[in-house]
Amino acid sequence: MAGYDPKTIEEKWQRLWAEEKTWEVANPGQPGYAADKPKSYVLEMLPYPSGEPHVGHLKCYAVGDAIAHFRRRHGFEVIHPMGYDSFGLPAENNAIKTGEPPREATERSIASFHRQFREWGISIDWSRELATHTPEYYRWTQWIFLRLFEQGLAYREEAPVQWCPKDATVLANEQVVDGRCERCGTEVEQRRLEQWFFKITEYAERLLADFDLLESWPEHVVTMQRNWIGRSEGAEVSFRCEELDLDFPVFTTRPDTLFGATFFVLAPEHPQLERLIAGTPAEVEVREYVNRVARESVEDRGDEERPKTGVPLGRSVVNPVNGERIPMFVADYVLMEYGTGAIMAVPAHDARDYEFARAFDLPVKRVIEGADDDTARDDDGLPYPGDGPMTASGRFDGKHNREAYAEIVAWLAEDGRGEAAVNYRLRDWLVSRQRYWGAPIPVVYCDACGIVPVPAEQLPVELPEVDDYAPQGRSPLAAAEDWVATECPRCGAAARRETDTMDTFVDSSWYFIRYLDSQNAGAAWDPAAADSWLPVDQYIGGVEHAILHLMYARFFTKALADLGTLSVQEPFSNLFTQGMITRDGAKMSKSKGNTVSPAEYVERYGADTARTYVCFMGPPERGGDWSDEGVEGVNRFLSRLWRLCEEVGERETAELDQAASEGEVRELLAKAHWAIDKVTRDFERGFQFNTAISAAMELVNEAYRVKDGLLADPGAAAAVRFAAATAASLIFPFAPHLGAEIWERLEGGRVWEQPWPVADPELLARDTVTLVVQVNGKLRDRIEAAA
RNA sequence: GCCGGAGUGGCGGAACGGCAUACGCGAUCGACUCAAAAUCGAUUGCCCUUAGGGGCAUGUGGGUUCGACUCCCACCUCCGGCACCA
């Protein structure tokens, strides 16, 4: 009698799945297409191939694979693909450090990921595998770029951008965290550069509205995106500088406080600033201030604690509601990126304006009375951000400010002094990267024709080989002179290629569509394939992508739908975010030396143990601390299940019906049905795999309790066999090799071809309804009424 | 400051408003061993009691209910996100 030997079992089934291509599914029009089955697209976020897979990957794919298996056994045709997000900075930085070309390091890593995914026994349709760094893939990334360009959704513009001096590249706003580069932690600087942008702001409203189309996303992810988009309702109001005949529109969420504006502030980057100060006494001081601000780090500038600074311009604007002339300032607390880069300052009702007014000794004019019970902040209760009746506001005096709000906007709109407006915090997506290891932007610059898109038939614009990957403030591609020099596709004259590459988030914004038709050399995808599988029914990944990747992919889906190439508005109808695994309570990192190598555990305990453990640690959406003892515990359980199977496998067993009479045996059968019911419910309740696995453990424990002394009886042996087979069936989504092996030994055939077991309500009732013990009159009445 | 999420044994964590603490880990004792490992069995929320038994426990304080970890109100603590966004 051999013990549980995962190596033999796992190799056997992995070979079989590979040979039989068990998990491959066909598209419409292909042989084997399951037209009559409901479809389900189960997808885990594709890995970024750098080095070896870590436990985060193990958890993500173990959870995703369990979901895929559940869906299959609930009668769905499941598409479950895999690929690699293989462009990006780490491979390039490694190249700069070691001299190894990024392609080589990346492809080695991909090979390792691929091999380990197979060793984990993940049920992937490998015929659809893709890697975003291959010309076969990025050709279509470029194609999408050009479609967006045609629609005006990709545009080139000079803009102040976030620049990381260490990585020598610009970053998207989303990649700047606390004023630092998300990747390397260096403080970012501001620079003005010509860059490519995607006009995601045009979709701000739809990105917000279409949360309604989603079936199930974690509330906090939706909230994070909502905050990021940052929709504010208010009004745009024009203030006029009469001396220079210039209008300065401002955005305000508080048009009801317009009468309280006592000064006016421009951002240091405001384009009209130069005109306002040229030749005035303020000129020198303002320039110095602007230069000083420009040198400051984004982080320092964003510090709320810092005292307010600024410089008067010596100019004034007229408040359109009352004709008052109010002085103009430049101050760094006003941001060029938000609104119009200029504000009307209402110190009585805004904390920042109030602070500035105190620092510069400016008048504070209250226009909204506080409620009676308002506890004063300062001696006079200002700044007061709340509601109340209007005062010092001309014809609006005495009205409640909420009421006056709409009336003031309407009044301004009558003669074009202002109008209702909506503003977003969201900015356009900066996609240019002055880096080598990315998809080249498929554009040519011609002296005569300007920006010329590369014609579709000339795609892909292949990434050339270079020797030096180190960026020097321009893309390393600029050094590939032969490649840069080209001819204009429009007029044939000498022209130069764009040398920037695309942000890798562009690559990953559409990969889930390419999976559906990844071998298609003639198109990005076949619309019939996309229609048949999209949207992704269940998306699984880390919460760290809550804003970046998930919002970009939503934007792409909408833009592609508008182009007529997709028929869905949202890419992922259900999202599941798995929690992070820590070790000794800390985030794993190589520098801390607390990493866990999945390969090591798979080698020692087998993939089934490793996979089941990460699903058992706790609720999968929550994080958990890795524990070697916990792994042992799961391994113990699988070994016990194996032993149960071996022992019962040697016995004569009767028909289950004949066994079902005796008390203990009946109890075991009830337990099996309870476990079936529990695992099913835990899955449906949001992938509560930890408790589902617990139920399987309880079933095995119960089988052991019953087994001793009863196995000699063929009837009892049949019940134990039933319990073992049931446990194997239930555990299959987590430990597929062992589940398949035990099922084959006890029942014959393939467990994944069995429909998911359904609990017998009669046997269930026995276990669950006996719980009413100390019943009082009322409850007993209710039970009797029900019975 | 704003927005989310969470508070249950020594630990991870279970509980359609109905036996709180399932399952796992750890710990203690025992069986098998020359011994260890593995395996198997027993015990394991806290306090009191020789025992039988009793008392107290789901962050804190109230409320609804025959009955509350669960629902309602207030508060405390921790974690995550956003933050000079006008």
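The chains referred to below are lettered A, B, ... by the order of the sequence lines, with proteins before strands, and numbering in each begins at 1.
A/Arg640 comes within 4.0 angstrom of the backbone, heavy atoms only, and of no base. Base contact: A/Val334 has a heavy atom under 4.0 Å from a base atom. A/Arg226 comes within contact range of no nucleotide atom at all, as no heavy-atom separation falls under 4.0 Å. Among the heavy atoms of the strands, none lies under 4.0 Å from A/Ser639. When heavy atoms are screened at a 4.0 angstrom cut-off, A/Gly633 is found touching the sugar-phosphate backbone but no base atom. Using a 4.0 Å heavy-atom criterion, one finds that A/Asp353 contacts no nucleic acid atom at all. A/Pro619 comes within 4.0 angstrom of sugar-phosphate atoms only, judged by non-hydrogen atoms across all strands, and of no base. As judged by a 4.0 angstrom heavy-atom cut-off over every strand, A/Asn690 is placed among residues touching the sugar-phosphate backbone only. If you check every strand for non-hydrogen atoms under 4.0 Å, A/Ser627 touches nothing. Within 4.0 Å (heavy atoms only), A/Glu219 reaches no atom of the nucleic acid at all.
Separating the CG atom of A/Asn635 from the C1' atom of B/A38 is a distance of 12 Å, rounded to the nearest angstrom. The distance from atom CZ of A/Arg231 to atom C1' of B/C2 is 18 Å, rounded to the nearest whole Å. Per the geometry, CD belonging to A/Glu621 stands 11 Å off C1' belonging to B/G5, to the nearest Å. Rounded to whole Å, atom P of B/C25 lies 12 Å from atom OH of A/Tyr605. Protein atom CD of A/Glu629 is 14 Å distant from nucleotide atom C1' of B/G10, rounded to whole Å. Rounded to an integer number of Å, the gap from CZ of A/Phe264 to P of B/A86 is 16 Å. If you take CZ of A/Arg352 and P of B/A83, they are 14 Å apart, rounded to a whole angstrom. Rounding to whole angstrom units, CD of residue A/Glu544 and C1' of B/G80 are separated by 13 Å.
For B/C82, the paired base is B/G1 (Watson-Crick or G-U wobble, both distances below 3.5 Å). The partner of B/G61 is B/C73, by the rule that a Watson-Crick or G-U pair needs both atom distances under 3.5 Å. With a cut-off of 3.5 Å on both Watson-Crick or G-U wobble distances, the partner of B/A51 is given as none. With a 3.5 Å ceiling on both atom-pair distances, B/A14 lacks any Watson-Crick or G-U wobble partner. Under the Watson-Crick or G-U wobble criterion, with both distances below 3.5 Å, B/A42 is paired with B/U28. The partner of B/U33 is absent, by the rule that a Watson-Crick or G-U pair needs both atom distances under 3.5 Å.
Across the P atoms, B/C46 and B/A22 are found 13 Å apart, a figure rounded to whole Å. Distance check on atom P: B/C73 versus B/C79 gives 25 Å, rounded to whole Å. For the P atoms, the distance from B/A83 to B/C78 is 22 Å, rounded to whole Å. For B/G24 and B/U33, the P atoms lie 27 Å apart once the distance is rounded to whole Å. Going from the P atom of B/G18 to that of B/C72 covers 15 Å, rounded to whole Å. B/C69 and B/U8 have their P atoms separated by 15 Å, with the value rounded to a whole Å. B/G17 and B/G7: their P atoms are spaced 15 Å apart (whole Å). For B/A15 and B/C29, the C1' atoms lie 30 Å apart once the distance is rounded to whole Å.
Closest to the side chain of A/Phe616, out of B/G24, B/C3, B/C82, is B/G24. For A/Lys308, whose side chain is taken as the heavy atoms from C-beta onward, the closest listed nucleotide among B/C84, B/C85, B/G24 is B/C84. Listed nucleotides B/A22, B/C82, B/A14 differ in distance to A/Arg425; the shortest reach to its side chain belongs to B/C82. Of the candidates B/G24, B/G81, B/C25, B/G81 carries the atom nearest the A/Asn227 side chain, counting heavy atoms from C-beta on. Among B/A15, B/C40, B/G26, the nucleotide with an atom closest to any side-chain atom of A/Lys678 is B/A15. With distances taken from any side-chain atom of A/Tyr338 to the nucleotides B/C85, B/C23, B/U39, the minimum falls on B/C85. Comparing B/A86, B/G13, B/C23 by their nearest atom to the side chain of A/Glu698 picks out B/C23.
Here A/Arg636 does not reach the OP1 or OP2 of B/G24: none of its side-chain N or O atoms lies under 4.0 Å away. In this model, the phosphate group of B/C79 is not approached by any side-chain N or O of A/Arg622 to a distance below 4.0 Å at OP1 or OP2.
Nearer the 5' end of RNA chain B, as judged by each residue's closest nucleotide, is the contact made by A/Arg685, out of A/Val634 and A/Arg685. Nearest-nucleotide positions on RNA chain B place A/Val221 closer to the 5' end than the other of A/Thr691 and A/Val221.
A salt bridge links A/Arg402 to A/Asp387: one of the charged nitrogens lies within less than 4.0 Å of a carboxylate oxygen.
Annotation: cation-pi pair A/Arg554/A/Phe211 present, NZ/CZ under 6.0 Å from the ring centroid and within 45° of its normal. Cation-pi geometry between A/Arg292 and A/Tyr289 is not satisfied (NZ or CZ under 6.0 Å from the ring centre, within 45° of the ring normal). A cation-pi contact, defined as under 6.0 Å to the ring centre and within 45° of the axis, links A/Arg640 to A/Tyr704.
Centroid-to-centroid, the aromatic rings of A/Tyr424 and A/Tyr338 stay 6.0 Å apart or farther. Aromatic ring centroids of A/Phe734 and A/Phe689 lie under 6.0 Å apart.
Side-chain contact between A/Phe576 and A/Phe687 is present, with heavy atoms from C-beta onward closer than 4.5 Å.
Checked by distance alone, A/Arg427 brings a side-chain donor or acceptor within 3.5 Å of a matching partner on the base of B/C85.
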**Asked** Can you check side-chain hydrogen bond (donor to acceptor under 3.5 Å, both in side chains) on A/Tyr4 and A/Asn635, steps first, answer last?
**Response** CA-CA 10 Å; A/Tyr4 170 42; A/Asn635 190 247; 5.3 Å; no

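Glycosidic torsion of B/G7 falls outside 90° of 0, placing the base in anti.
Here the closest non-hydrogen pair linking A/Trp626 and A/Val614 is CZ3-CG1, 3.8 Å.
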